[in-house]
Structure formats: structure tokens, C-alpha cells
**Student:** 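Mind looking over this structure? Questions follow.
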Amino acid sequence: MWEFIRDHPLHPRIVRHLQDTGFYRIIEIGWLQFDRALITAMIEQWRPETHMFHLPIGEVAITLEDIEVLFGLSVDGLHVAYLHALRDYMAVHYLHMLQRLTGFQPAEETALSEASRLQLTPVRQHQDDIDYAEITDVSPTEDIDRHTRLLLLLMFGGVLFPNTSKNLVSLRFLHHLEWLDDLPGYSWMQLF
């Protein structure tokens, strides 16, 4: 995702959409380099019986409010939950929803992993193929919404909720991406 944003500056209308959804702060923060030595030192100070770090200055815990301040995402609000109806969805249902909400359909069904996970590589390739010069101040809102949803899928799969391969995103998030105006009302931190 970070390479894409570096190579394709976002149009102000997409930036505004991302700001309105509450996810632009993550783009502002950008890619963070892991400090393995610091992480190792912190692991050594972790006490699972108290769920705190025991440091020379005292006990320290990371709270949801800390994450809220860092990422700018609300810890209050509606739960990000999967509707019971989505549990019966098959791959074809998710592909139809993906096409309807983003205008993107992977060329190969092998891009799906299980029934509800999509490889991010085809999404990134599709984003690279889009001519972002076509996005203007008068572009239809539907086009801006579609581009925003694709960026959010990249963010979810590659940054916020990655799997171990960092190349899959759950298409179950599409349900929540249908109405972009509703995104700030959800408590995304409960998934961390």
C-alpha cells in the first residue's frame, strides 16, 4: 500500500473521503519501521499475569485509548461484526459485492482464498492500472467512492488487519464499506 501511495498521490477528493471515514490518519502516519531490539526488550518486560509491562518507572499498559490517539480511530461505537447472513455467503456472492462496490473483479477466481479472502496483489495491480489523472474535481462521487473502498481494502489487508502473508484481505469488510459515511460510527479498535 505504501508504495502505491508514494507512486500515486491521492486526489484531494479521495483524501477528503478518507478523512471523513476516519482512516486518513493511518496514511499520515505512514509505514513504520519495526525496531526489533525495542520489541525484544519490551517482550522481556511483559508480565502475562498482569497484562502489563514492568519498567523501571513502574507498570505500564497499552490501552485502547492509546491506540485511538495514535491511529485516530474510535474505540466507541458500533461493533464491527459480521452479519449472520454473510456467514452463508459463497465466493460468488463476495465477488459480486466486490464488483458492485469497487468496480473491480479479479481476472482469476484463484485470487480468492477460501470463500471470503482476496489476494491483495490483483487489487494493487488494478490500482496501478487505473489512470488517476482521470480523477478530477468533477468526477462522479461513485468513482471516488469506489477508489476509496479499494484503498481501504488495501489498508485493511496490508496494514490494519494483515494475515501472516500480508497478501489477503477479508471480503467480509465489504459489508461495512458499502456506506462510507457510516465508517466513523464503528469501533474498529475492537478488532486489534
Side-chain angles (χ1 to χ4, degrees), residues 1-6 10 12 14-87 101-102 113-114 116-120 123-124 145 147-192:
M1 182 178 119
W2 304 120
E3 294 84 14
F4 172 78
I5 291 175
R6 181 192 66 223
L10 299 177
I14 292 176
V15 169
R16 238 183 339 268
H17 256 51
L18 289 170
Q19 288 170 332
D20 292 345
T21 64
F23 287 98
Y24 189 70
R25 176 79 178 120
I26 294 162
I27 292 175
E28 289 178 316
I29 293 170
W31 183 72
L32 299 174
Q33 178 67 38
F34 285 108
D35 185 337
R36 297 199 188 283
L38 175 62
I39 291 171
T40 301
M42 294 303 289
I43 288 171
E44 291 172 0
Q45 301 302 317
W46 179 254
R47 299 296 180 264
E49 59 276 359
T50 61
H51 299 285
M52 293 191 172
F53 294 101
H54 290 263
L55 303 176
I57 60 171
E59 293 182 342
V60 178
I62 299 172
T63 66
L64 281 176
E65 286 77 18
D66 295 331
I67 302 298
E68 179 178 29
V69 169
L70 290 171
F71 289 119
L73 295 174
S74 176
V75 297
D76 300 318
L78 300 171
H79 294 280
V80 177
Y82 305 122
L83 295 177
H84 186 69
L86 290 181
R87 295 179 186 161
L101 295 177
T102 67
S113 174
E114 301 167 10
S116 65
R117 293 183 184 205
L118 177 68
Q119 292 178 5
L120 288 175
V123 177
R124 285 191 294 262
D145 289 349
H147 291 297
T148 302
R149 287 184 187 106
L150 280 174
L151 281 170
L152 287 170
L153 281 177
L154 283 176
M155 184 183 297
F156 290 173
V159 178
L160 291 177
F161 315 112
N163 67 338
T164 53
S165 74
K166 294 192 178 182
N167 191 37
L168 292 175
V169 64
S170 174
L171 293 178
R172 292 177 176 171
F173 286 121
L174 286 172
H175 165 72
H176 297 290
L177 297 180
E178 186 159 3
W179 296 279
L180 293 173
D181 293 341
D182 292 348
L183 292 181
Y186 286 104
S187 176
W188 293 95
M189 297 287 102
Q190 295 169 10
L191 294 175
F192 281 98

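The figures that follow rest on heavy atoms only: side chains count, while hydrogens, waters and symmetry mates do not. These figures come from a predicted structure and were not determined experimentally. In what follows, residues are counted from 1 in the order of the sequence shown.
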**Student:** Is the closest side-chain donor-acceptor distance between H17 and D145 under 3.5 Å?
**Tutor:**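 Checked: H17/D145 side chains pair up, N/O donor to acceptor below 3.5 Å.
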
**Student:** So how far is it from Q45 CD to H54 NE2, rounded to the nearest 0.5 Å?
**Tutor:** 9.0 Å

**Student:** Give the C-alpha distance, both sets of side-chain angles, the deciding distance and a yes or no for side-chain contact (heavy atoms from CB on, under 4.5 Å) between L150 and L154.
**Tutor:** CA-CA 6 Å; L150 280 174; L154 283 176; 6.0 Å; no

**Student:** Is it true that atom CD1 of I62 has more than 12 heavy atoms of other residues, nucleotides or ligands lying nearer than 6.0 Å?
**Tutor:**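 Atom CD1 in I62 is not crowded, with 12 or fewer foreign heavy atoms closer than 6.0 Å.
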
**Student:** The test is side-chain contact (heavy atoms from CB on, under 4.5 Å); show your working for L152 and L183 and say whether it passes.
**Tutor:** CA-CA 11 Å; L152 287 170; L183 292 181; 3.8 Å; yes

**Student:** Are the side chains of V15 and Q19 in contact, using a 4.5 Å heavy-atom criterion?
**Tutor:** yes

**Student:** Which value, rounded to the nearest 0.5 Å, describes the distance between H147 atom NE2 and L10 atom CG?
**Tutor:** 11.0 Å

**Student:** Atom CG of L153 and atom CG of L101: how far apart are they, to the nearest 0.5 Å?
**Tutor:**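 Going from the CG atom of L153 to the CG atom of L101 covers 9.0 Å.
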
**Student:** To the nearest 0.5 Å, tell me how far F53 CZ sits from I43 CD1.
**Tutor:**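 So the CZ of F53 and the CD1 of I43 are separated by 8.0 Å.
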
**Student:** Could you walk me through whether D20 and L180 pass the side-chain contact (heavy atoms from CB on, under 4.5 Å) check?
**Tutor:** CA-CA 8 Å; D20 292 345; L180 293 173; over 6 Å; no

**Student:** Supply the atom-to-atom distance I29 CD1 to Y24 OH, rounded to the nearest 0.5 angstrom.
**Tutor:**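 Going from CD1 on I29 over to OH on Y24, the span is 11.5 Å.
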
**Student:** Does CZ belonging to R47 count more than 12 external heavy atoms closer than 6.0 Å?
**Tutor:** yes

**Student:** Nearest 0.5 Å, please: how far is CZ in F23 from CG in L160?
**Tutor:** 6.5 Å

**Student:** Do R149 side-chain atoms and T102 backbone N/O form a donor-acceptor pair below 3.5 Å?
**Tutor:**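 No, R149 side chain to T102 backbone: no donor-acceptor pair under 3.5 Å.
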
**Student:** Ignoring hydrogens and angles, tell me if any N or O in the side chain of N167 forms a donor-acceptor pair with the backbone of Q119 under 3.5 Å.
**Tutor:** no

**Student:** Would you please classify the geometry between the F161 ring and the F173 ring as parallel, tilted or perpendicular, with 30° and 60° separating the classes?
**Tutor:** parallel

**Student:** Please check if the number of heavy atoms outside R117 that lie under 6.0 Å from its CZ is greater than 12.
**Tutor:** no

